[in-house]
Protein chains: 2
Amino acid sequence: MSADREARRRQILDRARDVFARRGYHQAKIDDIVAAAGVARGTFYLYFHDKRAIFEELVQRFWQKIVMSMARIDVERPVEPQVLAQVRRILDVFLDDPAMAKIMLSDAAGLDVEFDRRLLAFAADSAKLLEDALHDGQLRGLVKEGTPSVLGFFLVGGVKEVLLQIVRSAIPVDREATTRDIYAILARGILVENPKAKARAKPTREAAPPAPAPAKKKRATRS
Amino acid sequence: MSADREARRRQILDRARDVFARRGYHQAKIDDIVAAAGVARGTFYLYFHDKRAIFEELVQRFWQKIVMSMARIDVERPVEPQVLAQVRRILDVFLDDPAMAKIMLSDAAGLDVEFDRRLLAFAADSAKLLEDALHDGQLRGLVKEGTPSVLGFFLVGGVKEVLLQIVRSAIPVDREATTRDIYAILARGILVENPKAKARAKPTREAAPPAPAPAKKKRATRS
DNA sequence: CCCTAACTAGACTGGCGTGTCAGTCTAGCT
DNA sequence: AGCTAGACTGACACGCCAGTCTAGTTAGGG
């Protein structure tokens with residue numbers, strides 16, 4: 001009955017997720033999805049109103065998981081283990097479902113004006129909350145100085161990119177180690193401020209350009 | 001003659017850039033582009049082979065600018081001003097051309113299998129170079145410990161996200177201040193390690209969930 | 001005044017992919 | 001055996017849009 005129905009729905013949903021992850025929203029054709037799910041084209045439309053609807057449902061469900069993994073930081077207790085645990089939980093949510101992670105971290109924009117609008121609005125709200133939290137943290141001496149919105153964006157962007165690259169490369173990672181790496185960046189940054197000439201290895205070495213779109217430090221052509 | 005031709009080409013290119021930035025690759029119709037450029041449909045095809053070609057050229061040109069802004073860090077001289085200048089240059093490149101910035105930071109993927117493939121490959125190369133540079137920096141005592149690839153991804157992702165949000169919100173920012181904010185994160189991180197109960201403001205306050213896709217710290221429902 | 005080249009306006013077509021719908025098939029009931 | 005509900009099928013209609021093409025306009029050069 002409705003249990004069958006639920007199962008069938010689940011099946012389509014799961015397969016669609018894989019197809020979306022592999023091809024991206026626009027490249028994923030309904031034919032690909034129904035083929036992967038092993039159902040007829042018409043059946044798909046018995047369970048989902050249209051392509052956008054199934055995509056939205058996938059995004060929605062995964063977003064729920066993310067929200068569920070968030071925990072308030074208790075100021076009365078040591079912060080470090082709480083932050084570590086939080087980072088670890090985020091890692092788990094994304095890496096436990098690489099297909100959805102890929103979808104959330106690369107697609108999820110540029111499909112529909114309305115969908116984009118809602119997504120953007122939601123993102124803005126979330127960013128505002130994070131910003132407030134960081135500002136509050138600053139007042140409490142838990143967060144270093146700096147423009148809260150910039151701190152928040154950097155934080156989110158950094159974690160997103162790390163997760164995306166992990167998921168893309170499909171290489172299994174040591175989650176514990178990655179958690180510590182991220183925590184170290186949060187707590188201490190990346191650059192050494194006063195180099196005071198430490199190691200100094202092979203003196204002839206290249207520095208490097210950036211990645212995908214924008215990039216950062218060292219090396220190149222000019223200047 | 002060819003000067004006129006170059007100018008016409010330029011005009012179409014510039015207007016197309018605006019349309020792509022406003023609508024995204026898929027929503028941008030050829031009709032939108034020719035209307036914005038004030039040329040006839042046929043004329044467009046006198047200058048560009050097809051839609052993908054003009055998009056690729058835009059991406060290509062902007063990427064050149066990014067690469068040009070990269071400078072090798074001279075280990076013999078003080079690092080801080082060099083890094084500050086580097087961050088500032090990146091900010092300038094992106095914020096001077098918000099339309100292209102928007103395109104590079106959100107689209108630029110998911111249009112064509114071949115295009116994606118090349119982009120990804122290129123991104124991977126760049127990431128590798130940055131990773132090597134960071135590793136080298138560690139040996140020289142300029143970069144803190146941690147897995148170089150994770151440091152690199154976090155760095156790139158953080159900067160990307162900050163730029164994207166600035167460009168999206170269209171609010172003019174103080175580039176000098178943003179540069180310092182980013183440098184501060186690079187040099188010192190975000191979290192205070194040993195809070196030692198400093199300020200302590202309004203004790204009843206919310207922490208916050210995250211942003212767009214993945215997110216970070218504080219707040220929520222469970223745990 | 002004509003000729004050419006660049007351009008315009010816009011009609012056209014071809015392909016693609018979404019969503020529909022008339023019909024089939026199955027399981028269960030009477 | 002006859003009937004019914006409703007899950008499922010898949011050919012097809014339709015809209016959309018990139019890219020092509022034609023007829024007509026404009027401007028300059030000889």
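So that the names make sense, note that chain A is the first sequence line, chain B the second, and so on, each numbered from 1. Values in this document were obtained by computation on a predicted structure and should not be read as measured data.
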Exercise for the section: Measure from the side chain of Lys51(A), starting at C-beta and using heavy atoms only, and say which of dT18(C), dC17(D), dC8(D) lies closest. Expected result: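 So the nucleotide nearest the side chain must be dT18(C).
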Problem - Nearest-nucleotide pick for Val39(A), side chain only, options being dA18(D), dT9(D), dT20(C) - result: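 Nearest listed nucleotide: dT9(D).
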Exercise for the section: Using the ring pair (Phe, Tyr, Trp, His ring centres under 6.0 Å) rule, pick out the option among Phe94(B), Phe55(B), Phe20(B) that qualifies with Phe62(B). Expected result: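 It is Phe94(B); the other options fail the test.
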Handout entry: Touch class at under 4.0 angstrom, heavy-atom based, for Gly38(B) against every strand present
Key =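 It contacts sugar-phosphate atoms only.
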Practice task
Report which part of the nucleic acid Phe48(A) touches: base, sugar-phosphate, or nothing (heavy-atom distance under 4.0 Å, all strands).
Solution key: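 It contacts nothing in the nucleic acid.
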How many whole angstroms separate atom [atom1] of [X] from atom [atom2] of [N]?
X        : N       : atom1 : atom2 : answer
Tyr47(A) : dA7(D)  : OH    : C1'   : 7 Å
Ile12(B) : dC7(C)  : CD1   : C1'   : 11 Å
Asp31(B) : dT20(D) : CG    : P     : 15 Å
Phe44(B) : dT20(D) : CZ    : C1'   : 14 Å
Ile33(A) : dT18(C) : CD1   : C1'   : 11 Å
Ile30(B) : dG10(C) : CD1   : C1'   : 16 Å
Leu46(A) : dG19(C) : CG    : P     : 14 Å
Phe55(A) : dT18(C) : CZ    : C1'   : 17 Å

Do any side-chain nitrogens or oxygens of [X] fall under 4.0 Å of OP1 or OP2 in [N]?
X        : N      : value
Thr43(B) : dC7(C) : no
Tyr45(A) : dC8(D) : no
Arg8(B)  : dA6(C) : no

Practice task
Test the Lys51(B)-Tyr25(B) pair against the cation-pi criterion, namely NZ or CZ under 6.0 angstrom from the six-membered ring centroid and within 45° of the ring axis.
Solution key: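 Yes.
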Practice task
Tell me, yes or no, whether the heavy-atom count around Arg9(A) atom CZ, taken from other residues, nucleotides or ligands under 6.0 Å, exceeds 12.
Solution key: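 Yes.
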Problem - Pair of N/O donor and acceptor under 3.5 Å linking dA18(D) base with Arg41(B) side chain - result: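 Yes, the side chain and the base share a sub-3.5 Å donor-acceptor pair.
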Exercise for the section: Could you tell me whether Arg22(B) and Asp18(B) make a salt bridge, using a distance below 4.0 angstrom between a side-chain N and a carboxylate O? Expected result: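 Judged by the 4.0 Å cut-off on N to carboxylate O distance, Arg22(B) and Asp18(B) do not form a salt bridge.
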Handout entry: Point-to-point distance, once rounded to the nearest 0.5 Å, from CZ of Arg17(B) to CD1 of Ile12(B)
Key =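 Interatomic distance, Arg17(B) CZ to Ile12(B) CD1, rounded to 0.5 Å: 14.0 Å.
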